[in-house]
Amino acid sequence: MALWRDKPLVDVSSDYLRRMVEPFAEHRLQVIERRFELELQTGLQESALPDFQALALAHPLRERMWSLLVLGLFRCGRQAEALEAYSTVRQRLDVELGVEPGRALRQAHQVVLAGDDDGWRVECQLPVDIGDFINRDEELNRLLSLSCADKSVPVVTVSGPPGMGKSALVIRAAHRLVDEFPDGQWFLRLNGASAKPRSGAELLAELLRTAGVPASELPHGIEERVALLRSRLSGRKVLVVLDDAGSVDQVAPLLPGRPGSSVLVSSRSELADLSVLYGGQRLALRPLPSRHSRDLVARIAGQSRFTADEHAFSELTDLCAGLPLALRIAAANLVSRPTLRVSRYTEELRTGDRLAKLKTPGDTGLAVRAAFDASFATLSKEEQRAFGLLGVIPGMDFSAHGIVVTSGTRPSAMS
Ligand SMILES: Nc1ncnc2c1ncn2[C@@H]1O[C@H](COP(=O)(O)OP(=O)(O)O)[C@@H](O)[C@H]1O
Ligand SMILES: [Mg+2]
């Protein structure tokens, strides 16, 4: 295209030859129009607009070109000029040919009038940010700065065991980031820790629906869905929250391609390959410090319960090991048994099956055991066995060597 110079054969006197090359000139214009159309779809119209505008002025009756120009001006935020361009071409069609604008032009005009061009709606799908969120200031600040980092597409993963507060933290961060991502804040559950993680095809379909793609235009192939999602996101600022991701393979197809958007992921695993392959950043969530654990339970169960027996209260929060889910359940149990002494409840938890007891009455899946069961079910038989045996090692920690010795696993199977 760059090699094309002016009108072909302009200095050749043969009409016959000039007629021969006319189709080439037309073909070139079609290619330019198509290219601009693709630039519009991918959000790259800004730099191409001046040349395209000059070309349209040189072809005042070429409707397709003018309809693209109207959309291009509109997409560059030049709404008034878009409307002016429409009225210019409309007048000229009327005066010179006595016809009304065709369908493409009328549609472009409608788009400008409606202030909406491709079905895009700003969606805020974030679940509620819990009101009694405790601590985590440091982690929150880190998430905020990483997500706004001036890099291509920030991808930040928060990892940790079930009930550690990954989703709650990621959701809180996302609420704080709403103003930075004015084109939408999406939230998608990947069910990665369950026995049935959601498939790429299904997740892509959901995201494309959110991106305003009508069901009838949803491509069948995965690759096409990935490409369409990237082009819909291009030129836009969207925060994509992927909750409970199971693997890098589950996340990778959902990542935006162009800068502007940002991705927050929560996952039970560290998804190390996200860093390796996509420069993602990681934050491993640690248990809540004791002081904050006590604050959390006291806030829910009541300060008076806490002051009545501080010692038992501390022991109770220690038994919950800084796990927000366990702490909330313990607090809820205290609330539902107002006459129960804290020391009594602590005793119950200390002796007996703690996991089984950390559930609320009528609980159907919120219990700590349920959260761990889902992860346990996805382990291989060998891993399940090693996990069970490790439970008998006293102390908080164990080394890789400890696993080999306890479970009789081959060192090579350790990874
Ligand atoms: N910092 C916190 N303060 C108060 N409650 C919290 C905090 N973090 C998590 N929670 C609560 O603990 C429970 C488990 O948190 P969640 O984010 O679902 O864990 P995860 O996603 O790691 O499994 C939820 O009820 C959540 O509201
Ligand atoms: Mg979660």
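Numbering of ligands and ligand atoms starts at 1, following listing order.
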Note to self: Looking at ligand 1, is there an atom of it that comes within less than 4.0 Å of some heavy atom belonging to S266?
What the structure shows: no

Check: Just which atoms of ligand 1 are under 4.0 Å from any heavy atom in L296?
Finding: 4 (C)

Next item on the list: Flag R328 as yes when one of its N or O atoms lies below 3.5 Å from any N or O atom of ligand 1, and as no otherwise.
Entry: yes

Notebook entry, point to check: For ligand 1, which atoms, with element, lie under 4.0 Å from some heavy atom of A168?
Noted result: 8 (N), 9 (C), 17 (O)

Next item on the list: Could you tell me whether K166 approaches ligand 1 through its side chain, its backbone, both or neither, with non-hydrogen atoms closer than 4.0 Å?
Entry: both

Note to self: I'd like to know if D132 and R328 make a salt bridge, using a cut-off of under 4.0 Å between side-chain N and carboxylate O.
What the structure shows: yes

Note to self: If we ignore hydrogens and angles and just use 3.5 Å, is the side chain of E63 paired with the main-chain N or O of G102 as donor and acceptor?
What the structure shows: yes

Note to self: Counting only heavy atoms from other residues, nucleotides and ligands, does the tally under 6.0 Å from CD of E26 exceed 12?
What the structure shows: yes

Check: If we only count heavy atoms from C-beta on, is the R268 to M164 side-chain gap below 4.5 Å?
Finding: no

Check: With a 4.5 Å heavy-atom cut-off, do W4 and F24 have their side chains touching?
Finding: yes

Notebook entry, point to check: Taking the non-hydrogen atoms of D132, is any one of them nearer than 4.0 angstrom to ligand 1?
Noted result: yes

Check: Does E138 pair with R286 as a salt bridge, N-O distance under 4.0 Å?
Finding: no

Check: Would one find an N or O of L288, backbone or side chain, under 3.5 Å from an N or O of ligand 1?
Finding: no

Notebook entry, point to check: Does S167, backbone or side chain, put an N or O under 3.5 Å from an N or O of ligand 1?
Noted result: yes

Notebook entry, point to check: Within a radius of less than 6.0 Å around CZ of R28, do more than 12 heavy atoms belonging to other residues, nucleotides or ligands occur?
Noted result: yes

Check: Quick check: does G163 get an N/O under 3.5 Å from an N/O on ligand 1?
Finding: yes

Next item on the list: Give the intermediate values and the outcome of side-chain contact (heavy atoms from CB on, under 4.5 Å) for residues L69 and V89.
Entry: CA-CA 11 Å; L69 177 65; V89 66; over 6 Å; no

Margin query: So that I can tick it off, tell me whether E347 and R350 are bridged by a salt bridge, with the cut-off set at under 4.0 angstrom between side-chain N and carboxylate O.
Written below: yes

Next item on the list: Work out how many protein N, O or S atoms lie closer to the Mg ion (ligand 2) than 2.8 Å.
Entry: 1

Notebook entry, point to check: Which part of I130 is near ligand 1, with near meaning a heavy atom under 4.0 Å away: side chain, backbone, both or neither?
Noted result: side chain

Next item on the list: Kindly indicate, with the supporting measurements, whether the criterion side-chain contact (heavy atoms from CB on, under 4.5 Å) is fulfilled by L169 and F133.
Entry: CA-CA 9 Å; L169 179 67; F133 193 86; 4.0 Å; yes

Notebook entry, point to check: Run the side-chain contact (heavy atoms from CB on, under 4.5 Å) check on K166 and D244 step by step: do they pass?
Noted result: CA-CA 9 Å; K166 304 176 295 292; D244 192 14; over 6 Å; no

Item checked: N/O separation below 3.5 Å, I134 to ligand 1 -> yes

